[in-house]
S.K.: 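Sharing a structure, written as structure tokens. Questions coming.
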Amino acid sequence: MTKDTMQIVREQDVVPFRNRVRELSTKIGMSLVNQTKLITAASELVRNMLKYANGGKIILEIISKSGQSGVRLTFIDEGPGIENIAQAMQDGFSTGRSLGLGLPGAKRLVNEFDIKSVVGAGTTVTVTHWKHGR
């Protein structure tokens, strides 16, 4: 299994991160469609991390379960946290003058999505996308 950690502290860190996600996805033989879904979700989540928490770290892993391979990404920041996760997961809700589609859109693009947040301490978002997208 592969496991890496990347620090994200500025906009210039996004492209190398996206490239690493593509490398891991390619390594397990993920289709181009599934790679695109994962990279799109990852891009949204890393930009949220930069915008709302001034960066953080991401754990990138190739995982295996029941004979299936996947890529798991864990976004960890020490930002202000999310006061109401249920509200943040609704389409159209935003505290940052955006369309409010980032978190719910990212959730729709991946197979597994988990978010935990503590106000004043930070947010952790974990997403997994399986090789065959199931």
Side-chain angles (χ1 to χ4, degrees):
M1 294 294 108
T2 299
K3 186 173 183 177
D4 294 330
T5 300
M6 294 183 75
Q7 295 292 325
I8 302 294
V9 295
R10 57 186 183 190
E11 186 69 28
Q12 291 85 348
D13 296 331
V14 173
V15 171
F17 164 69
R18 288 171 49 108
N19 289 340
R20 188 68 181 129
V21 173
R22 184 179 314 279
E23 285 174 26
L24 295 177
S25 302
T26 301
K27 186 174 181 177
I28 64 168
M30 189 180 285
S31 71
L32 186 57
V33 169
N34 285 320
Q35 285 183 39
T36 302
K37 289 179 178 179
L38 178 60
I39 292 168
T40 301
S43 296
E44 184 61 34
L45 294 170
V46 74
R47 291 190 191 288
N48 276 358
M49 178 184 278
L50 280 169
K51 182 175 182 178
Y52 296 105
N54 294 319
K57 71 177 179 181
I58 304 168
I59 300 169
L60 305 95
E61 302 171 87
I62 291 177
I63 61 171
S64 180
K65 183 172 88 177
S66 302
Q68 183 174 205
S69 297
V71 175
R72 177 184 295 150
L73 306 172
T74 304
F75 301 78
I76 303 166
D77 71 58
E78 296 177 352
I82 300 171
E83 190 171 316
N84 186 332
I85 291 176
Q87 189 177 37
M89 293 305 299
Q90 293 177 1
D91 285 333
F93 177 79
S94 174
T95 59
R97 298 183 185 178
S98 68
L99 296 175
L101 300 173
L103 286 174
K107 183 178 181 180
R108 285 190 289 270
L109 289 170
V110 296
N111 299 127
E112 297 174 20
F113 182 98
D114 181 65
I115 183 168
K116 293 177 176 55
S117 189
V118 177
V119 174
T123 301
T124 299
V125 178
T126 303
V127 299
T128 301
H129 204 71
W130 297 103
K131 175 181 175 180
H132 298 296
R134 297 175 240 137

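Values in this document were obtained by computation on a predicted structure and should not be read as measured data.
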S.K.: Distance-only, no hydrogens or angles: does the D4 side chain make a donor-acceptor pair with backbone N or O of L60 under 3.5 Å?
M.R.: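 No, the answer is negative, given that no donor and acceptor are paired below the 3.5 Å cut-off.
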
S.K.: Would you say V9 and F17 are hydrophobically clustered, going by side-chain heavy atoms of ILVMFWY under 4.5 Å?
M.R.: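 They do not share one cluster, since no chain of ILVMFWY contacts under 4.5 Å joins V9 to F17.
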
S.K.: If you look only at distance, which donor and acceptor atoms sit under 3.5 Å apart when one is on a side chain in residues 32-42 and the other is two or more places apart or in another chain?
M.R.:
{"from": "N34", "atom 1": "OD1", "to": "H129", "atom 2": "NE2", "distance (Å)": "3.1"}
{"from": "N34", "atom 1": "ND2", "to": "S31", "atom 2": "OG", "distance (Å)": "3.2"}
{"from": "N34", "atom 1": "ND2", "to": "K131", "atom 2": "O", "distance (Å)": "3.4"}
{"from": "Q35", "atom 1": "NE2", "to": "M30", "atom 2": "O", "distance (Å)": "3.0"}
{"from": "T36", "atom 1": "OG1", "to": "L32", "atom 2": "O", "distance (Å)": "2.8"}
{"from": "T40", "atom 1": "OG1", "to": "T36", "atom 2": "O", "distance (Å)": "2.7"}

S.K.: Quick one: do V46 and I115 end up in the same hydrophobic cluster if we chain Ile, Leu, Val, Met, Phe, Trp and Tyr together by side-chain heavy atoms under 4.5 Å apart?
M.R.: yes

S.K.: Go through the steps for R20 and E23 under the test salt bridge (charged side-chain N to carboxylate O under 4.0 Å, His left out), then give the verdict.
M.R.: CA-CA 5 Å; R20 188 68 181 129; E23 285 174 26; 2.7 Å; yes

S.K.: Using a cut-off of 6.0 Å, state whether more than 12 heavy atoms not belonging to E61 lie near its atom CD.
M.R.: yes

S.K.: Within a strict 4.5 Å, meaning less than it, do heavy atoms of the V127 and F75 side chains meet?
M.R.: yes

S.K.: If you round to the nearest 0.5 Å, how far is CD1 of I62 from OG of S25?
M.R.: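 Result: 8.0 Å between the selected atoms.
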
S.K.: To the closest 0.5 Å, what do you measure between CD (Q7) and CD1 (I76)?
M.R.: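 It is 9.5 Å, given to the nearest 0.5 Å.
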
S.K.: With rounding to the nearest 0.5 angstrom, report the OG1 to CG distance, T124 to D114.
M.R.: 9.0 Å

S.K.: Identify the heavy atoms of N84 and Q87 that sit nearest to each other, and give their distance.
M.R.: OD1-N, 3.0 Å

S.K.: For the hydrophobic clusters of this structure (ILVMFWY residues joined by side-chain heavy atoms under 4.5 Å, transitively), does one cluster hold both M89 and M49?
M.R.: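 Looking at the clustering, M49 is in the same group as M89.
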
S.K.: Which atom names give the shortest non-hydrogen contact between A88 and P104, and what distance separates them?
M.R.: O-CD, 3.9 Å

S.K.: When you look at F113 and R108, which way does the side chain to side chain contact (heavy atoms under 4.5 Å, CB included) test go after all the steps?
M.R.: CA-CA 9 Å; F113 182 98; R108 285 190 289 270; over 6 Å; no

S.K.: Looking only at heavy atoms, which two atoms of A53 and G79 are closest? And how far apart?
M.R.: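 It is CB-CA, 3.6 Å.
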
S.K.: Rounded to the nearest 0.5 Å, what separates atom CD1 in I8 from atom CG in D77?
M.R.: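 With rounding to 0.5 Å, CD1 (I8) is 12.0 Å from CG (D77).
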
S.K.: Are any non-hydrogen side-chain atoms of D13 and M6 less than 4.5 angstrom apart?
M.R.: no

S.K.: Is there a path of hydrophobic side-chain contacts, each under 4.5 Å between heavy atoms of I, L, V, M, F, W or Y residues, that connects V14 with V71?
M.R.: yes

S.K.: Enter the distance from K107:NZ to E44:CD here, rounded to the nearest 0.5 Å.
M.R.: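 Answer for the NZ-CD pair, K107 versus E44, is 15.5 Å.
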
S.K.: Within a strict 4.5 Å, meaning less than it, do heavy atoms of the L45 and L73 side chains meet?
M.R.: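 Contact flag for L45/L73 side chains = no.
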
S.K.: So, the side chain of N111 versus the backbone of W130: is there a donor-acceptor pair under 3.5 Å, distance only?
M.R.: yes

S.K.: For L103 and I82: C-alpha separation, side-chain torsions, deciding distance, then whether side chain to side chain contact (heavy atoms under 4.5 Å, CB included) applies.
M.R.: CA-CA 12 Å; L103 286 174; I82 300 171; 4.2 Å; yes

S.K.: Roughly how far, to the nearest 0.5 Å, is NZ of K65 from CD of E112?
M.R.: 4.5 Å

